[in-house]
Amino acid sequence: SRTPNVAVLGGGSWGTTVASICARNTRTVLWSRNAAAADEINTQHTNSRYLGDLPLTDTLRSTADIAEAVSDADVLVMGVPSQSFRSVLQEVAEHVRPWIPVVSLVKGLEQSSRMRMTDIVQAVMPGHPAGVLAGPNIAREVVQGFAAAATIAMPDHGTAQMLQPLFGTSRFRVYTTTDVVGVEVAGALKNVFAIATGIGDGLNAGDNTRAMVITRSLRELAKLGTAMGGQTETFAGLAGMGDLIATCTSPHSRNRRVGIGLAQGKTVEEVCTEMGQVAEGVKTSGVVVKLSAELGVDMPIANEMDAVLNNGQPVEEAYRGLLRQRPGHE
Ligand code: 13P
């Protein structure tokens with residue numbers, strides 16, 4: 001029997017990387033908004049804007065025609081930023097075959113609705129099984145072929161097992177779970193904490209501070225994640241602790257770079273313009289504090305990040321705030 005056709009929407013660094021992996025395993029098409037980028041992928045097998053001269057799988061096809069990209073897809077993979085996730089999905093919904101699984105690569109929450117990406121899939125394309133692939137996956141290191149791993153979460157184990165061989169290679173190990181909420185929330189929240197870690201590093205706060213922030217971040221992430229319905233074990237896994245470590249420490253992390261820039265006195269807008277890319281944690285921070293307030297979960301680090309990112313609080317004050325005497329210390 002033939003292997004499934006994969007369509008990946010979003011030609012940024014991670015969408016391109018996942019498409020390049022899938023193309024090793026099965027027929028894969030990548031939709032890029034940018035026709036010149038699609039052409040470069042087809043002819044040069046590179047995506048220079050996001051991944052420099054790193055070679056992509058040469059059988060990967062790319063198009064700027066979104067309807068064509070999805071029309072014969074058996075699996076739809078979403079690699080666009082969280083704030084355009086809904087509109088891109090609405091654009092393709094009528095062209096997509098019924099019932100095909102949708103896999104989100106997105107680590108963010110929708111600001112206007114506070115929804116998870118798989119919730120948006122259910123709302124826009126009801127009936128499609130919706131899940132997520134997440135883990136410590138700095139795109140360029142995965143393209144370079146260094147060992148890495150991720151977790152694919154689907155609502156049922158059978159679908160996760162069917163998808164696993166499409167996304168895995170001998171150097172990119174894919175684990176399966178049915179905890180969609182846990183994996184999705186972990187992926188979204190770690191970005192906020194990577195900004196916090198970046199601020200500490202930018203202020204030269206040192207190794208004790210970095211370890212404290214990462215460790216306490218994991219606690220906040222797990223508390224909100226379980227309150228939202230995720231399973232405790234998930235937060236100790238690749239999508240939880242694994243991605244938190246990678247994103248809080250990698251010099252490539254966009255979110256960590258936002259934190260470093262803030263500590264150097266730049267504005268969020270300045271850092272994001274310099275990078276020319278989206279740092280998901282900026283918008284997720286506001287959603288997280290509202291969700292945590294609704295669910296009665298105490299999240300001091302996330303609160304300080306919201307104050308810095310959305311209310312103009314100075315970064316030094318945020319770091320003092322984290323050390324403010326707090327009742328309980330659970
Ligand atoms: P950034 O968006 O901060 O680059 O995060 C990378 C990542 O998610 C690694 O798993």
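- Glu280 places no side-chain N or O within 3.5 Å of a backbone atom of Asn191 that could act as its donor or acceptor partner.
- Between Asn34 and Glu40 the shortest side-chain heavy-atom distance does not fall below 4.5 Å.
- Hydrophobic clustering (side-chain heavy atoms under 4.5 Å, transitive across Ile, Leu, Val, Met, Phe, Trp, Tyr) keeps Phe146 apart from Ile21.
- When Lys107, Arg254, Lys190 are each tested for a side-chain hydrogen bond (donor to acceptor under 3.5 Å, both in side chains) with Thr247, only one passes: Lys190.
- Distance alone, capped at 3.5 Å, is enough to place a donor-acceptor pair between the Asn303 side chain and the Met299 backbone.
- Scanning all heavy atoms of the two residues, the minimum distance from Gly240 to Ala186 falls at CA-CB, 3.9 Å.
- No donor-acceptor pair closer than 3.5 Å links the side chain of Asn255 to the backbone N or O of Ala194.
- Contact record, Ala188 with Thr284: O-CG2, 3.7 Å, taken as the closest heavy-atom pair.
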### Task
Starting from the C-alpha separation in whole Å, work towards a yes-or-no answer on side chain to side chain contact (heavy atoms under 4.5 Å, CB included) for Ser82 and Met117.
CA-CA 7 Å; Ser82 56; Met117 300 301 113; 3.6 Å; yes

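- Within 6.0 Å of the CZ atom in Arg97, the count of heavy atoms belonging to other residues, nucleotides or ligands exceeds 12.
- The closest side-chain donor-acceptor pair between Asn47 and Thr16 falls under 3.5 angstrom.
- Between the side chains of Glu304 and Gln313, at least one donor-acceptor pair of N or O atoms lies under 3.5 Å.
- Heavy atoms of other residues, nucleotides or ligands lying less than 6.0 angstrom from CG of Asn208 number 12 at most.
- Here the closest non-hydrogen pair linking Gln122 and His128 is NE2-O, 3.4 Å.
- Hydrophobic clustering of Ile, Leu, Val, Met, Phe, Trp and Tyr side chains at less than 4.5 Å, counting indirect connections, unites Val288 with Val297.
- For Asp72 and Arg27, the salt-bridge test fails: no basic side-chain N is under 4.0 Å from an acidic carboxylate O.
- Between Leu244 and Phe235, the closest side-chain pair of non-hydrogen atoms is not below 4.5 Å.
- Ile120 CD1 to Arg86 CZ: the interatomic distance, rounded to the nearest 0.5 Å, is 5.0 Å.
- A distance-only check finds a donor-acceptor pair linking the side chain of Tyr319 to the backbone of Ala196 [under 3.5 Å].
- Rounding to the nearest 0.5 Å places OG1 of Thr63 at 8.0 Å from CG of Asn42.
- In this structure, Arg173 places its CZ atom where only 12 or fewer heavy-atom neighbours from other residues, nucleotides or ligands lie under 6.0 Å away.
- The shortest side-chain heavy-atom distance between Thr273 and Val271 does not fall under the 4.5 Å cut-off.
- Side chains of Val174 and Leu133 form a contact here, defined as non-hydrogen atoms less than 4.5 Å apart.
- From Trp31, atom CH2 reaches atom CD of Glu68 across 13.0 Å, with rounding to the nearest 0.5 Å.
- Residues Val183 and Ala134 share a closest heavy-atom pair of CG1-CB, 3.7 Å.
- Glu184 and Ser104 are not linked by any side-chain donor-acceptor pair at a separation below 3.5 angstrom, with hydrogens and angles left out of the test.
- Counting only heavy atoms from C-beta outward, the side chains of Pro300 and Glu220 approach each other to under 4.5 Å.
- The hydrophobic clustering, which links ILVMFWY residues whose side-chain heavy atoms are closer than 4.5 Å, places Val102 and Val92 together.
- Judged purely by atom type and a 3.5 angstrom limit, Thr178 has no side-chain atom pairing as donor or acceptor with the backbone of His157.
- Side chain of Asn310 to backbone of Ser285: no donor-acceptor contact under 3.5 angstrom is found.
- Within the 4.5 Å cutoff, the side chain of Ile245 has no heavy atoms near those of the Pro136 side chain.
- Inter-residue side-chain proximity for Val268 and Cys272 is flagged as met; some heavy-atom pair is nearer than 4.5 Å.
- Residues Met154 and Pro101 share a closest heavy-atom pair of CE-CB, 4.0 Å.
- For the atom pair CD1 (Ile152) and CD (Gln164), the distance works out to 8.5 Å, reported to the nearest 0.5 Å.
- Here the side chain of Thr57 pairs no donor or acceptor atom with the backbone of Leu60 at under 3.5 angstrom.
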### Task
Please assess Leu76 against Leu89 for the test side chain to side chain contact (heavy atoms under 4.5 Å, CB included), listing each intermediate value before the final yes or no.
CA-CA 10 Å; Leu76 180 64; Leu89 209 58; 4.2 Å; yes

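- Side-chain N/O atoms of Thr118 and Arg116 include a donor and acceptor closer than 3.5 Å.
- A pairwise comparison of heavy atoms in Leu262 and Val308 identifies CD1-CG1, 4.0 Å as the closest pair.
- Atom-to-atom distance recorded for Phe167:CZ and Leu105:CG is 7.0 Å, nearest 0.5 angstrom.
- No continuous path of hydrophobic side-chain contacts links Met78 to Val6 [ILVMFWY only; heavy atoms under 4.5 Å].
- Using a distance-only test at 3.5 Å, with no hydrogens or angles considered, a donor-acceptor pair links the side chain of Gln83 to the main chain of Leu109.
- Using modelled atom types, no side-chain atom of Glu317 and backbone atom of Pro314 make a donor-acceptor pair closer than 3.5 Å.
- No single ILVMFWY cluster, assembled from side-chain heavy atoms under 4.5 Å apart, contains both Ile138 and Leu51.
- With respect to Glu274 and Lys266, a salt bridge is recorded, a charged nitrogen being found less than 4.0 Å from a carboxylate O.
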### Query
Can you list the steps and then say if Tyr50 with Thr17 is a side chain to side chain contact (heavy atoms under 4.5 Å, CB included)?
CA-CA 10 Å; Tyr50 292 100; Thr17 301; over 6 Å; no

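- More than 12 heavy atoms of other residues, nucleotides or ligands sit less than 6.0 Å from atom CE of Met125.
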### Task
For Gln161 and Thr176, run side-chain hydrogen bond (donor to acceptor under 3.5 Å, both in side chains): C-alpha distance rounded to whole Å, both residues' side-chain angles, the deciding distance at 0.1 Å, then the answer.
CA-CA 7 Å; Gln161 276 182 317; Thr176 59; 5.7 Å; no

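- Taken from OG in Ser71 to CG in Asn5, the straight-line distance is 9.0 Å, to the nearest 0.5 Å.
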### Query
Where do Asp74 and Thr26 land on the side chain to side chain contact (heavy atoms under 4.5 Å, CB included) test, with the steps shown first?
CA-CA 11 Å; Asp74 303 303; Thr26 192; over 6 Å; no

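- Between Ile199 and Val213, the closest side-chain pair of non-hydrogen atoms is not below 4.5 Å.
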